[in-house]
Every structure is written in C-alpha cells, then in structure tokens.
Amino acid sequence: MIQERFSAVRTRTTRRVYHGWWVSLAGAFNMVLSSGPTYQASSVLFKAIEDEFGWSRALISGVASFGRFGGAMLGPVEGFLTDRFGSGKMVLVGFTMGGTGLILFSLIQGALQYYFAFFLLSLGFSVGGFVPSITAVNAWMVRNRATGMSIVIGGSSLAGLLVPPMVWSINTYGWRPTVFVIGIIAIVLGPLVARLLGKRPTPEQIEEQTRSTSEPGRRSRQARLYDFTPKEALRTPAFWSISMTHMLVNLSTGAISGHLFLHLTDSNGVNLDDATASGVMPILVVTSFVFQLGGGIMGDRISKRVLVPFLLLIQGVALVILALADSFILAAVFAVVWGIGFGARTPLLHAMRGEYFGRRHFGTILGLSSFPMSVGITLAPFVMGWVHDVQDTYEWILYVLAGTCVLASVTILFAARPMSPGLKRRFDARTARRKGLNR
C-alpha cells in the first residue's frame, strides 16, 4: 500500500514537469558551454593574444569574423541537417569539433594556426550550439515558446559568469592551459547534452500542448498549426523583416562580444585595470539573464511586435552610454541598460520565427534567416578593430552602432504575422469577389 502511494505521488510529480522544460534547461547548458569561449570570453582571449604576440586589433579581432563566417555560410545547411537528423546528433558532432578546436587553439604559434583553430572551434560550436538547441525547444514548447527560448538564450548570458574565473585562470596559469581544459570539458560533456536534446516529442504531446495554447494575436487555429515550408517562408515579408532587423542589431552584438573587454581596459577607452573590467561582466550577465527570462515571459503574454522596437532602442541607448563612459560606474550603467535591451529582445525575435512559421521546418528556416543575421555579427568585430587601429578609439563606431539599433526598431515594424498559403488564397479570393460586387 505504501509503495503504491509512493508510486502515485512520484507519477503525479513527474507529470507536473513537462519535458519541454528539461529540454530548455539542457539547451541553456549547451549555450553556457558553446558560447563561453567564442562569444562571452572572446575579448578576454583576444587581449591575451595581443599581450603575447603584439598583433594589430584588426588581425586579432578579425579571427572572430573569419570564424563566424563559416557559421554564417553553413547556417542553412545546419538548419536542414538539424531538421533531418535531430538536435542530438548535431550537438555530438559540433561539440567534438569545438573541443578539438579549443585544444588546437591552445597550441598556436602563428597567425595561420590562430585563424584555423578559431575557425574550427567556432564552426563546431555553431553546428552543435544555438541552432539545435533552439530547434529542440521550438519542437517541444507550444504554450510557452518565448519563455522556453529565453531559458536557452539565458544560458549564453550565464556563460559570461565564466569570464572572471577565466581572467583569474589566465593570470594564474596562462591562457593556453585554460583554453586546453575548456576543450577537454566540451568533448566530455558533449554526449550528455546531445542525449538530453535528442529526444523528440510525440504527436500526442504536441496535440496536448496545442489544445491548451492561448497565445495573443492568433488569427485562427489553422494559422496556429500551419508549418511553413522554407520556400513559403521566404515569400513572406515577415521573414525578411525579422532577418534584416536581426542583422542590423547584431552589428552591435558582434562588436561588443569582441571588443568590450578591450575598450574597458584601453587608455583611450574606459581605462580600467583587468580585474575591475572583469567586474563589469557579471553585472551585464546577470541583467541580461534576468531580462531574457522576463522578456520571454512577457512575450508569451504581450504582442512581441509591440515590445521589440522599444527594446532595440534601449540597446542603442546602452551603446551611447558606453561611448561616453570614463569610469566603472558608467561602465556598470552600460551593462545594466545593455542587459535590459539586448537581454529581453533576443528571445522575442527567435520566438517570432517559431510562432510565425511553425515547427516542422524551423531549423531550416532559422538557418536561412541566420545568413543575413550573421552578416552583422561576422563583420562587426573586424570593422571595429580596423576603426580602432585607424582612430585609436572606439567612440565614433559606437555611435554608428547605436544608429543601426534605431534603424532596426523601424524594420521590425514590417514583421506582420503571415497567413498560411491556403488561408491567404481564400482571403484573396474573398477580396476579389468583394471588389467585383462593388463594381
């Protein structure tokens, strides 16, 4: 009798936690591992490389552009392979490549080796990182899609908490042993993350989620259930509006990821020492994480199309603050404001894709849209490094990047929810009949 009661309580408890939440947490853990060395901590590694080799900022930060170029070019392929083979296999392959790239990175002796190793680790963590994680969440989460995606993206912010320990490790043991150990960790933990993300929902689980879905702004049940093919998605204004917006706003995202720590420690920048500059990162990370979760929760209750433009403007304001910063206090203010704008808008843009275009081909559609989206994050580090080499300051380029955020707040206004092709044909036919009658 006691055993039966215990089993019943355990069954009810298990059923209370929908598996999609575990997938979201696994995706967040994936992002901690995959985005830490290539995104959040990249500027720390760049400074270590500069100190050892004395290369120019354009050459050092250009590796980020070069490495991300592979991810941008293969984005559509990554999405297609994720839809075809599943998130689990992509994570396993990607983490093996990424970990191997980190190990090779720890052994570099020249610029060619530097570029090759960073390309390999960037490509690996691109293949096994964001696309398979967010695709898995989109497959499982219907009722709370934006919240689930915000948890995944929050993992990327949490990776920033690794920056102070990495700075300590680099100062204590050197950057080479630090990078080598991270590579081993990625290879060892890759299979675990792959197993958690590899499970796919059953049709019954999705139907249960769909029946209880009550998201704002839906036209009809048919519109909610329709899965756009990549070809159909490419024909919608919403696809290009979201992609263009993401490209514009990612100019500043790529620039900050590659140059923030350098700007904070520059004599012509904020002029902080390494330890103080690394203290700015946790503020940015915690604020981004909190508002990523908050943005996801708001996005499941309020129109994303209304929220996103304001958040893009806030991100632009943060860049102006950073351009004017000359103390730790102003740098911390930048971190908070950036965390609000960048943090909250990120899950909403991705959730809009899932909400607009469905589940079945989401990976491919995300991959296609990631090509223009990745142009910004790919070019920005090199361009910003080149501008610094010429002007010996980041101030001017930060104002320009703030302007691109303002422009992005306009382009997102054209992202109206697309009708399914069948519904659009009926709507067009009804409109044509009405026009005929009016004549």
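- One finds the NE2 atom of H361 at 6.5 Å from the CG atom of D227 (value rounded to the nearest 0.5 Å).
- No donor-acceptor distance shorter than 3.5 angstrom exists from the side chain of T276 to the backbone of L272, with no hydrogens or angles considered.
- Taking 4.5 Å as the limit, every side-chain heavy atom of E395 sits out of range of all side-chain heavy atoms of H388.
- Here the CD1 atom belonging to I182 is positioned 7.0 Å from the CG atom belonging to L45, to the nearest 0.5 angstrom.
- The backbone N or O of S169 sits nowhere less than 3.5 Å from a side-chain atom of T172 that would complete a donor-acceptor pair.
- Between A194 and G88, the closest heavy-atom pair is CB-O, 3.1 Å.
- Taking the side chain as every heavy atom from C-beta outward, L307 and R345 never approach each other to under 4.5 Å.
- Annotation: side-chain contact (heavy atoms from CB on, under 4.5 Å) contacts of S87 (sequence neighbours excluded): T82, P132, T135, A136, L197.
- Of the possible donor and acceptor atoms, none in the side chain of T236 sits under 3.5 Å from a partner among the backbone N and O of E232.
- Counting non-hydrogen atoms of other residues, nucleotides and ligands closer than 6.0 Å to CE of M97 gives a total above 12.
- Side-chain contact check for T346 and Q292: no donor-acceptor pair (N or O, by modelled atom type) lies under 3.5 Å.
- Between Y114 and the options F53, F119, W55, a ring-ring contact (aromatic ring centres under 6.0 Å, His included) holds for only W55.
- Using cut-offs of 30° and 60° for the angle between ring planes, the F334 and W338 rings count as tilted.
- Expressed to the nearest 0.5 Å, how far CG of N271 lies from CG of D326 amounts to 10.0 Å.
- Between the side chain of W140 and the backbone N or O of S24, no donor-acceptor pair lies under 3.5 Å.
- Using a 4.5 Å heavy-atom threshold, the side chains of W240 and M244 count as separate.
- Remark: E52 does not engage K47 in a salt bridge, criterion side-chain N to carboxylate O under 4.0 Å.
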For this session: Mind running side-chain contact (heavy atoms from CB on, under 4.5 Å) on V333 and F328 for me, showing each step along the way?
Result: CA-CA 9 Å; V333 172; F328 175 82; over 6 Å; no

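- Residue F414 places its CZ atom among 12 or fewer non-hydrogen atoms of other residues, nucleotides or ligands, all under 6.0 Å distant.
- A donor-acceptor pair is defined here as one N or O able to donate and one able to accept, closer than 3.5 Å; such a pair exists between the side chain of Y356 and the backbone of A415.
- To the nearest 0.5 Å, the span separating CG on L319 from OG1 on T404 amounts to 7.5 Å.
- Residues M141 and V23 are not in side-chain contact: their nearest non-hydrogen atoms beyond the backbone lie 4.5 Å or more apart.
- For the pair G128 and V91, the tightest heavy-atom approach, listed with the atom from each and the gap, is O-CG2, 3.4 Å.
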For this session: Begin from the C-alpha positions of D273 and T265 and carry the test side-chain contact (heavy atoms from CB on, under 4.5 Å) through to its verdict.
Result: CA-CA 6 Å; D273 59 68; T265 55; over 6 Å; no

Exercise. Under the side-chain contact (heavy atoms from CB on, under 4.5 Å) criterion, do F239 and L368 qualify, and how do the steps go?
Worked result: CA-CA 10 Å; F239 175 90; L368 288 169; 4.0 Å; yes

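- A donor-acceptor pair under 3.5 Å links the side-chain atoms of S34 to the main chain of N30, judged by distance alone.
- Side chain of R176 to main chain of F105: no donor-acceptor pair is present (N/O by atom type, distance under 3.5 Å, no hydrogens or angles).
- Between F116 and L104, the closest side-chain pair of non-hydrogen atoms falls below 4.5 Å.
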For this session: Could you check T287 against F342 for side-chain contact (heavy atoms from CB on, under 4.5 Å), going step by step and ending with a plain yes or no?
Result: CA-CA 10 Å; T287 308; F342 164 77; over 6 Å; no

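- Here the side chains of I340 and Q315 are not in contact, with every heavy-atom distance at 4.5 Å or above.
- Aromatic ring centres of F95 and F125 lie closer together than 6.0 Å.
- If you look at W175 and F180, their ring centroids are not closer than 6.0 Å.
- Between F228 and F357, the ring-plane angle classifies as perpendicular under the 30° and 60° cut-offs.
- Residues F291 and V336 fail the side-chain proximity criterion, which asks for heavy atoms closer than 4.5 Å.
- Contact between S243 and S369 at its shortest, heavy atoms only, is OG-CB, 3.2 Å.
- Between the side chains of N268 and T393, no donor-acceptor pair of N or O atoms lies under 3.5 Å.
- Residue T96 comes nearest to L92 through the heavy atom pair OG1-O, 2.8 Å, listed as atom of the first residue, atom of the second, then distance.
- With L248 as the fixed residue, the side chain to side chain contact (heavy atoms under 4.5 Å, CB included) test singles out one of V410, I412, L401, L407: L407.
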Exercise. When you look at H350 and R145, which way does the side-chain hydrogen bond (donor to acceptor under 3.5 Å, both in side chains) test go after all the steps?
Worked result: CA-CA 9 Å; H350 290 293; R145 179 180 286 112; over 6 Å; no

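- Sorted by first and then second residue, the pairs that involve residues 257-289 and meet ring-ring contact (aromatic ring centres under 6.0 Å, His included), not counting sequence neighbours, are H259-Y394, H263-Y394.
- Side-chain contact between R417 and R305: absent, with no pair of heavy atoms (C-beta onward) separated by less than 4.5 Å.
- The backbone N or O of G358 sits less than 3.5 Å from a side-chain atom of N138, completing a donor-acceptor pair.
- To the nearest 0.5 angstrom, L366 atom CG is 6.0 Å from F130 atom CZ.
- For the atom pair K89 NZ and R84 CZ, the distance stands at 8.0 Å (nearest 0.5 Å).
- Heavy atoms only, all atoms of each residue included: C405 and S252 are closest at SG-OG, 3.7 Å.
- Between V306 and P309, the closest heavy-atom pair is O-CD, 3.5 Å.
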